[in-house]
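Report on one structure; see the data block that follows.
Residue numbers start from 1 in every chain, and the chains themselves are labelled A, B, ... in the order their sequence lines are given, proteins ahead of strands. We use all heavy atoms of the structure for the numbers below, so side chains are in, but hydrogens, waters and symmetry mates are not.
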Number of protein chains: 2
Amino acid sequence: MAGPDRKPTIIDVARLAGASIKTVSRVINKERYVSPDMQERIEKAVAELGYQPNMMARSLASERSNLIGHLYGDAGGPYTLEIQVGLLNRCRAHGYHLMIEEIDYRSPNVEQRASAIVNQMRLDGVVLTAPVTDNPIVLRILEEAGVPYVRVTPQQESETSPSVRIDERQAAYTLTQHLLALGHRRIGFIKGKANHTATILRYTGYCEALTDAGVTVDPVLVEQGEFTYASAVACARRLLDQPHRPTAIFASNDEMAAAVVAEAHNRGFSLPANLSVVGFDDTPLAEMMWPPLTTVRQPVREMAETAADILIGLLSQRGKVDWPKPVPHQVLAHTILLRQSTARPPGKA
Amino acid sequence: MAGPDRKPTIIDVARLAGASIKTVSRVINKERYVSPDMQERIEKAVAELGYQPNMMARSLASERSNLIGHLYGDAGGPYTLEIQVGLLNRCRAHGYHLMIEEIDYRSPNVEQRASAIVNQMRLDGVVLTAPVTDNPIVLRILEEAGVPYVRVTPQQESETSPSVRIDERQAAYTLTQHLLALGHRRIGFIKGKANHTATILRYTGYCEALTDAGVTVDPVLVEQGEFTYASAVACARRLLDQPHRPTAIFASNDEMAAAVVAEAHNRGFSLPANLSVVGFDDTPLAEMMWPPLTTVRQPVREMAETAADILIGLLSQRGKVDWPKPVPHQVLAHTILLRQSTARPPGKA
DNA sequence: CGGGAGGATGGCACCGCTGTCATTGCCGCC
DNA sequence: GGCGGCAATGACAGCGGTGCCATCCTCCCG
């Protein structure tokens with residue numbers, strides 16, 4: 001059973017099927033104009049030889065690499081992974097392969113690196129996630145190279161590239177409303193890393209909900225975090241040290257919410273009786289911590305899948321229309337998950 | 001400043017530098033036998049044109065793709081991501097690119113898919129993580145294709161492929177010893193998914209520690225979990241429902257430990273006073289839950305880096321030695337993290 | 001019954017690079 | 001002074017496909 005030691009090429013298939021190379025190529029690529037019996041003969045030959053087209057040769061000749069790149073900044077925990085799973089799902093379904101590249105957006109040679117990634121590998125398309133979604137250098141290089149790209153949760157929607165996101169402002173608004181409805185009036189807020197889109201939108205939603213409910217935003221109750229556990233511990237301390245402390249705390253992500261919960265536990269608070277806490281993102285952590293965290297779920301995987309679909313759709317019509325306009329900007333639905341970390345404030349049965 | 005719209009090729013560089021294509025190729029590939037001034041001229045031309053070698057063409061001509069694949073089964077949360085980060089670090093450092101492929105090891109066409117991945121993309125090497133590390137079909141295909149691969153935490157070390165792992169048995173042994181040292185004698189154990197290597201090794205370590213300390217392994221205290229939160233909730237219930245219940249519980253991973261903690265909280269236990277809990281893996285969850293979990297940290301990223309190093313080392317000497325023998329089997333050091341989820345058993349001040 | 005449309009197939013250049021081998025020039029050594 | 005040896009360079013044939021165009025055949029229609 002030891003076949004020929006060299007991998008079969010299209011030539012071998014052609015010879016075996018008694019057809020020309022070109023016709024085999026047509027069958028492989030599911031092009032039209034091949035008679036049924038010829039097709040069958042070729043398919044049989046392909047199966048018999050276990051022929052697998054060489055992607056490298058294919059790409060070289062056709063200027064299409066069947067490669068989609070995922071560019072991201074720092075490996076953002078479960079989020080990044082979910083994105084990849086989503087992308088992978090779609091890539092697989094459409095015969096694309098996924099290439100992942102981290103890019104240090106702070107480094108001075110972002111340009112060089114981004115260019116290397118895009119140009120050397122001849123990526124067909126790219127999906128961008130935070131924090132490179134809005135990096136001007138990366139975007140420029142992509143534009144220059146003419147590589148289509150889709151951005152997941154960009155800061156600003158652009159006219160040249162599609163995007164996918166959820167309405168974070170709205171989500172934060174609703175979540176804050178939930179706390180208000182429970183009777184909370186002093187609601188602390190821990191912001192995320194400065195300048196992140198998410199930080200701004202979530203904070204805006206919080207402020208608007210309060211204002212709309214006739215509650216003034218008290219700057220004393222707003223802390224600046226960094227999206228990390230450690231940063232939030234300090235914030236939680238300051239918040240809980242206050243004489244007239246908040247009865248609820250809205251942390252801009254789950255990790256920071258976990259820090260608040262831990263700090264509260266440390267002080268012997270019973271949750272949620274003494275303090276309500278909400279997070280954002282619904283990381284796996286959220287339902288495994290105790291008490292399970294009320295939070296917002298972004299359909300991250302689905303967002304990635306949508307991004308991939310848009311990209312692949314774009315690629316498939318390459319050459320026909322250069323770019324559909326206006327480019328799509330999808331807003332996916334989020335879910336508010338009410339779990340057990342929220343309750344009426346103490347004293348208000 | 002709008003250069004030529006076509007990407008520069010090696011020919012353009014050669015022309016500009018007044019050299020032959022081949023010599024440019026030599027410079028690009030850092031081969032010997034190029035005079036200093038020629039080298040300089042070529043490098044200048046490369047810089048001036050912003051020339052980037054086309055990987056596809058390079059691969060086609062050289063039979064080397066500079067592509068390393070990461071094959072994994074189900075997206076295993078933070079673990080998989082850490083692996084990728086580790087691999088990425090090394091790939092970047094050595095000019096390789098990472099291609100990630102999920103492979104449904106239960107599907108009937110694993111063979112087809114594995115073969116497609118390996119043969120179509122002409123991967124130079126592959127890193128395997130659970131649960132495909134020991135899939136016979138995948139391994140066979142890799143062997144047949146002659147693609148070097150490294151396995152991270154395989155069930156069985158093989159003579160044909162290097163591996164990287166930690167001593168899980170020893171880690172579980174030490175962790176159990178810790179509980180014993182605190183004074184616990186009734187120590188519950190929640191096993192992982194049946195047939196996983198990790199499950200067996202961790203359980204073995206637990207048993208041996210007990211036995212060595214003169215404590216009999218009580219089957220009533222051993223539950224079969226599945227590495228998931230949900231599975232462990234049921235186990236925890238059964239364990240805690242027992243009249244003579246354990247004073248400590250060793251869950252085979254952090255996620256299951258979180259379930260035990262949650263169940264204990266539900267029952268109003270105060271942790272760790274009423275019940276000690278330990279996990280395994282040190283997922284981000286471990287330090288963010290409350291109380292922070294005593295667990296074992298596998299240097300996952302480092303393991304991935306080691307795997308990549310081994311692989312890249314192998315690739316770089318391709319053709320010289322076909323395979324170093326014996327192949328390396330690295331065992332990396334783990335860390336026992338004593339946090340606040342463990343204490344002396346109740347009644348033993 | 002001639003001509004044209006369009007399906008089916010093949011020929012061949014070429015994608016951008018590397019491997020192999022040939023060639024050149026120079027140096028050292030007997 | 002002739003010659004082997006080696007550094008330095010180049011010529012050229014592929015690697016395994018695809019794009020474009022030519023060709024052939026069949027069928028339909030005026």
Side-chain angles (χ1 to χ4, degrees), chain A residues 4-43 45-46 49-67 95 116 119-122 124 318-319, chain B residues 4-43 45-46 49-67 95 116 119-122 124 318-319:
Chain A
D5 49 345
R6 203 176 42 76
K7 289 205 176 75
T9 73
I10 199 171
I11 299 183
D12 303 318
V13 177
R15 194 147 34 210
L16 180 58
S20 75
I21 295 179
K22 184 63 226 191
T23 304
V24 175
S25 171
R26 286 201 182 85
V27 173
I28 305 283
N29 292 290
K30 305 199 200 324
E31 285 174 21
R32 300 181 350 170
Y33 305 146
V34 177
S35 66
D37 72 313
M38 175 65 97
Q39 167 150 0
E40 192 182 343
R41 262 159 54 213
I42 292 179
E43 280 169 353
V46 166
L49 295 173
Y51 168 70
Q52 308 257 27
N54 180 327
M55 295 298 294
M56 301 304 173
R58 223 212 270 244
S59 310
L60 180 58
S62 70
E63 299 288 277
R64 300 186 63 247
S65 63
N66 279 333
L67 249 35
N119 294 319
Q120 288 187 4
M121 303 305 299
R122 301 291 198 267
D124 280 348
R318 216 72 201 295
Chain B
D5 49 345
R6 204 177 41 75
K7 291 204 175 74
T9 74
I10 198 172
I11 299 183
D12 302 320
V13 177
R15 194 148 32 212
L16 180 58
S20 74
I21 295 180
K22 183 64 220 189
T23 304
V24 175
S25 171
R26 286 200 182 88
V27 172
I28 304 282
N29 293 291
K30 305 198 198 326
E31 285 174 24
R32 301 182 347 171
Y33 304 146
V34 177
S35 65
D37 73 313
M38 175 66 96
Q39 167 148 1
E40 192 183 342
R41 259 158 57 213
I42 292 179
E43 280 169 354
V46 165
L49 294 173
Y51 168 71
Q52 307 260 25
N54 180 326
M55 295 299 293
M56 301 304 175
R58 219 214 270 247
S59 309
L60 181 58
S62 70
E63 300 285 277
R64 301 185 64 248
S65 63
N66 279 335
L67 248 36
N119 295 317
Q120 288 187 4
M121 302 306 300
R122 300 293 199 268
D124 281 348
R318 217 65 201 299

Determine, step by step, whether B/Leu67 and A/Met56 satisfy the side-chain contact (heavy atoms from CB on, under 4.5 Å) criterion, reporting the C-alpha distance in whole Å, the side-chain angles of both residues, the deciding distance to 0.1 Å, and the verdict.
-> CA-CA 11 Å; B/Leu67 248 36; A/Met56 301 304 173; 3.8 Å; yes

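- What separates NZ of A/Lys7 from P of D/dG17 is a distance of 11 Å, to the nearest Å.
- Of all nucleotides listed (D/dG17, C/dG11, D/dG10), D/dG10 comes nearest to the side chain of B/Ser20.
- Rounded to whole Å, the distance from CZ on B/Arg32 to C1' on C/dG19 is 17 Å.
- Of the candidates C/dG16, D/dT18, C/dT18, C/dT18 carries the atom nearest the B/Ser25 side chain, counting heavy atoms from C-beta on.
- Taking atom CD1 of A/Ile11 as the reference point, atom P of D/dG17 lies 8 Å away to the nearest angstrom.
- Side-chain proximity of A/Ser35 to the nucleotides D/dT9, D/dG17, C/dA8 is greatest for C/dA8.
- Remark: P of C/dA8 and CD1 of A/Ile21 are 21 Å apart, rounded to the nearest angstrom.
- Comparing the end axes of the helix from C/dC1-D/dG30 to C/dC30-D/dG1, each fitted to five base pairs by superposing C1' atoms of four pairs onto the next four, gives an inter-axis angle of 50° (nearest 10 degrees).
- The side chain of B/Ile10 lies closest to C/dT18 when the candidates are D/dT9, C/dT18, C/dT9.
- The CD1 atom of B/Ile42 lies 9.5 Å from the CG atom of B/Asp37; values are rounded to the nearest 0.5 Å.
- Atom CG of B/Leu16 sits about 10.0 Å away from atom CZ of B/Arg41, to the nearest 0.5 Å.
- In this structure, A/Lys22 places its NZ atom 15 Å from P of C/dA13, rounding to the nearest Å.
- Here the side chain of B/Asn29 is nearest to one of D/dT18, C/dT18, C/dG16, namely C/dT18.
- Atom CG of residue B/Asp124 and atom CD of residue B/Glu63 lie 10.0 Å apart, to the nearest 0.5 angstrom.
- Take the nearest nucleotide of DNA chain C for A/Asp37 and for B/Ser62: the residue whose nucleotide is more 5' is A/Asp37.
- We find the CG-CD1 distance between A/Asp12 and A/Ile21 to be 9.5 Å, quoted to the nearest 0.5 Å.
- Atom CZ of B/Arg58 is separated from atom CG of B/Asn66 by 6.5 Å, given to the nearest 0.5 angstrom.
- A donor-acceptor contact under 3.5 Å is formed by the side chain of B/Arg26 with the base of D/dG10.
- Residue A/Asn54 has its side chain nearest to D/dG17 when only D/dG17, D/dT9, C/dG16 are considered.
- Nearest-nucleotide positions on DNA chain D for B/Ala61 and B/Met38 put B/Met38 closer to the 5' end.
- Under 4.0 angstrom from either OP1 or OP2 of D/dT9 there lies no side-chain N or O belonging to B/Thr23.
- Here the nucleotide nearest the side chain of A/Tyr33, chosen from C/dC17, C/dT9, D/dT9, is C/dT9.
- Nearer to the 5' terminus of DNA chain D, by closest-nucleotide assignment, is the contact made by B/Ala19 (compared with the other of B/Ala19 and B/Leu60).
- Between the CE atom of A/Met121 and the CG atom of B/Asn54 there is a distance of 9.0 Å, given to the nearest 0.5 Å.
- Rounded to whole Å, atom P of C/dC14 lies 25 Å from atom CE of A/Met56.
- Which of D/dG10, D/dG16, C/dC17 sits closest to the side chain of B/Tyr51 comes down to C/dC17.
- Nucleotide C/dC17 holds its C1' atom 13 Å from the CD atom of A/Gln120, rounded to whole Å.
- Residue A/Arg58 has its side chain nearest to D/dG17 when only C/dT9, D/dG17, D/dG10 are considered.
- Taking atom CD of B/Gln39 as the reference point, atom P of D/dA7 lies 16 Å away to the nearest angstrom.
- Put simply, the side chain of A/Arg26 never gets that close to the backbone of A/Glu31: no donor and acceptor are under 3.5 Å apart.
- Distance from the side chain of B/Pro53 is smallest to C/dC17 among C/dC17, C/dT9, D/dG10.
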